[in-house]
Amino acid sequence: MTDIDKRLLVDTVTIQKPTGETDGWGKPTLEEPITLKPVRFDRKYHVQGTQNSRAEFKPSVLFVYPKYCPIVLDETFENAIVNDGKREYRVTTVIPVSYPHNGKIFCYEVECI
């Protein structure tokens with residue numbers, strides 16, 4: 001695998017990991033936001049229907065390269081909230097991609113909706 005050019009990592013997002021606890025209304029509480037910079041966030045936003053029958057779909061992928069953004073993402077980040085400054089996304093899956101011969105992490109693919 002070759003390294004990625006840092007100039008392609010043009011996005012900055014924040015991520016808030018769930019604490020596993022709930023507040024007084026039963027909503028899950030979140031930790032303090034962590035800024036991830038520089039990253040690549042491929043957004044997809046689609047609206048279907050109108051007015052009362054409107055549905056929004058936001059299947060997006062966040063690419064985090066530990067070489068440029070030193071963080072360890074694992075399954076505890078599932079259901080975390082990613083904010084790109086315009087919309088909030090919920091993390092569904094964290095996929096670590098490693099180098100084939102040494103097992104070192106090349107990047108994390110974070111699937112969001």
Side-chain angles (χ1 to χ4, degrees):
M1 258 186 231
T2 61
D3 283 333
I4 188 163
D5 191 350
K6 188 176 180 179
R7 293 175 290 184
L8 297 173
L9 307 176
V10 296
D11 298 307
T12 301
V13 299
T14 60
I15 189 166
Q16 288 182 281
K17 185 173 154 178
T19 61
E21 300 174 0
T22 57
D23 62 9
W25 291 280
K27 293 177 65 176
T29 58
L30 302 171
E31 293 182 0
E32 291 296 315
I34 301 168
T35 301
L36 302 179
K37 177 184 176 180
V39 296
R40 175 73 184 180
F41 194 31
D42 291 339
R43 300 162 186 86
K44 185 174 180 184
Y45 182 73
H46 177 69
V47 178
Q48 186 175 12
T50 59
Q51 297 187 2
N52 290 344
S53 63
R54 180 180 169 155
E56 295 180 354
F57 302 99
K58 303 179 280 189
S60 304
V61 180
L62 174 67
F63 297 93
V64 180
Y65 295 87
K67 179 178 180 179
Y68 302 113
C69 181
I71 188 170
V72 176
L73 299 174
D74 55 12
E75 64 274 353
T76 61
F77 279 89
E78 290 180 3
N79 293 318
I81 302 297
V82 174
N83 189 324
D84 67 348
K86 295 180 183 175
R87 294 183 181 88
E88 287 190 346
Y89 301 81
R90 187 177 53 84
V91 174
T92 57
T93 309
V94 177
I95 304 169
V97 178
S98 59
Y99 289 101
H101 300 294
N102 63 7
K104 185 178 175 184
I105 299 295
F106 172 68
C107 78
Y108 296 102
E109 292 182 10
V110 181
E111 294 179 353
C112 305
I113 56 171

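Side-chain atoms are counted along with the backbone in the values below, which use heavy atoms only and exclude waters and symmetry mates.
- Of the charged side-chain nitrogens involved, at least one lies within less than 4.0 Å of a carboxylate oxygen, so that Arg7 and Asp5 count as a salt-bridged pair.
- Here the side chain of Thr22 pairs no donor or acceptor atom with the backbone of Lys27 at under 3.5 angstrom.
- Distance alone, capped at 3.5 Å, is enough to place a donor-acceptor pair between the Tyr68 side chain and the Ile4 backbone.
- What you find for Pro66 and Cys107 is that their closest heavy atoms are CD-CA, 3.9 Å.
- Between the side chains of Lys17 and Thr76, a donor-acceptor pair is found at a separation under 3.5 Å.
- Take Glu75 and apply the side-chain contact (heavy atoms from CB on, under 4.5 Å) test, not counting sequence neighbours, and it matches Glu78.
- By the 4.0 Å N-to-carboxylate-O rule, Asp11 lies close enough to Arg43 to be salt-bridged with it.
- A salt bridge links Arg40 with Asp42: the closest approach of a Lys/Arg side-chain nitrogen to an acidic carboxylate oxygen falls below 4.0 angstrom.
- A donor-acceptor contact closer than 3.5 angstrom links the side chains of Thr19 and Thr29.
- Checked by atom type and distance alone, the side chain of Gln16 never pairs as donor or acceptor with a backbone atom of Leu30 at under 3.5 Å.
- Across Gly103 and Ser98, no two heavy atoms sit closer than the pair O-CB, 3.8 Å.
- A pairwise comparison of heavy atoms in Ala80 and Pro18 identifies CA-CD, 3.7 Å as the closest pair.
- Members clustered with Phe77: Val13, Ile15, Ile34, Leu36, Val39, Phe41, Leu62, Val64, Ile71, Val72, Leu73, Val82, Tyr89, Val91, Val94, Ile105, Tyr108, Val110, by chain and number, using a 4.5 Å side-chain heavy-atom cutoff among hydrophobic residues.
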